[in-house]
Amino acid sequence: MDVRIGLGWDNHRLAPGRALVLGGVRVPCDFGFEAHSDGDILLHAVTDALLGALALGDIGMHFPDSDPRWKDCDSSVFVRHAAALARQRGYRIQNVDATVILQQPKLGGLRAEIRASLARLLELDEERVSVKFKTAEKVGPVGEGRSAEAQAAVLLIRD
Ligand code: C5P
Ligand code: MG
């Protein structure tokens, strides 16, 4: 049996008048991500975790932010691509664990929806997908509401 672990991390600046999308779910608030794509840090972190487990580089290698094709792109394209690369190589995703660090708004009310969305994009049972939320205790750029971060770990298994 071949077991592979992957880690992903992402951050984006927050700006007024942009959409805040996490795990493919629109978060109702009056600011969002400044990014070339839709800036979905959770999907970007999970994408990098999958690519990392496969040792296939990182999201920018597969989807350069200089490429107009990915302008304002729905980040589900990225995570679906990474999951397909894993499947093509005979791996299944055992579990995904992720953390979003956002000072506000509180995201707990959207946990079920975000988890279901991520599970659907990865073609996984929800029971294998964990999404956690943290503030940055008002410290640093995340704590001051200038940016947000996401971290993800994935485990791939091939029999
Ligand atoms: O960062 P802190 O430990 O104070 O967060 C406490 C709890 O608040 C977290 O465990 C999480 O359940 C929730 N939370 C949230 N949305 C955020 C940040 C934290 O729902 N943006
Ligand atoms: Mg705390």
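All values reported here derive from a predicted model rather than from experimental measurement.
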Please find the pair of heavy atoms, one from [X] and one from [Y], that lie closest to each other, and give the distance.
X: Gly24; Y: Ser117; answer: CA-OG, 4.0 Å
X: Ile157; Y: Gln94; answer: CD1-OE1, 3.6 Å
X: Pro28; Y: Leu110; answer: CD-CD1, 4.1 Å
X: Ala148; Y: Phe33; answer: CB-CE2, 3.9 Å
X: Gln104; Y: Phe31; answer: O-CZ, 3.2 Å
X: Gly57; Y: Met61; answer: CA-SD, 3.6 Å

Go through Ile114 and Phe133 one step at a time and tell me if the side chain to side chain contact (heavy atoms under 4.5 Å, CB included) criterion holds. CA-CA 11 Å; Ile114 292 174; Phe133 307 117; 4.0 Å; yes
To the nearest 0.5 Å, what is the distance between [atom1] on [X] and [atom2] on [Y]?
X: Arg80; Y: Leu50; atom1: CZ; atom2: CG; answer: 13.0 Å
X: Cys29; Y: Leu14; atom1: SG; atom2: CG; answer: 8.0 Å
X: Leu42; Y: Leu102; atom1: CG; atom2: CG; answer: 11.5 Å
X: Asn11; Y: Arg146; atom1: CG; atom2: CZ; answer: 11.0 Å

Considering only heavy atoms from C-beta outward, does the side chain of [X] approach that of [Y] to under 4.5 Å?
X: Leu107; Y: Leu22; value: yes
X: Leu122; Y: Val96; value: yes
X: Ser75; Y: His44; value: yes
X: Leu156; Y: Arg89; value: no
X: Leu56; Y: Leu85; value: yes

Would you please classify the geometry between the Phe78 ring and the Phe63 ring as parallel, tilted or perpendicular, with 30° and 60° separating the classes? tilted
Quick check on the hydrophobic clustering: are [X] and [Y] connected, directly or via other members, by side-chain heavy-atom contacts under 4.5 Å?
X: Leu124; Y: Leu54; value: yes
X: Ile101; Y: Leu20; value: no
X: Val21; Y: Val100; value: no
X: Leu51; Y: Leu43; value: yes
X: Val3; Y: Val154; value: no

Taking only residues at least two apart or on different chains, which pairs with a member in residues 147-159 satisfy salt bridge (charged side-chain N to carboxylate O under 4.0 Å, His left out)? Asp2-Arg158, Arg92-Asp159
Provide the full list of salt bridge (charged side-chain N to carboxylate O under 4.0 Å, His left out) pairs with a residue in residues 33-46, sequence neighbours left out, each pair given once.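 Sorted pair list: Arg13-Glu34.
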Donor-acceptor pair, distance only, cut-off 3.5 Å: does the side chain of [X] make one with the backbone of [Y]?
X: Arg115; Y: Glu126; answer: yes
X: Asp48; Y: Ile59; answer: yes
X: Gln103; Y: Lys138; answer: yes

Would you please test Arg4 and Leu155 for side chain to side chain contact (heavy atoms under 4.5 Å, CB included) and show each step? CA-CA 6 Å; Arg4 316 274 307 220; Leu155 202 70; over 6 Å; no
Without hydrogens or angle criteria, can the side chains of Lys132 and Thr99 be said to hold a donor-acceptor pair below 3.5 Å?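 There is such a pair between these side chains.
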Are Ser147 and His12 linked by a side-chain donor-acceptor pair shorter than 3.5 Å? no
Under the ring pair (Phe, Tyr, Trp, His ring centres under 6.0 Å) test, which residues partner His36, sequence neighbours left out?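 His36 satisfies ring pair (Phe, Tyr, Trp, His ring centres under 6.0 Å) with no other residue.
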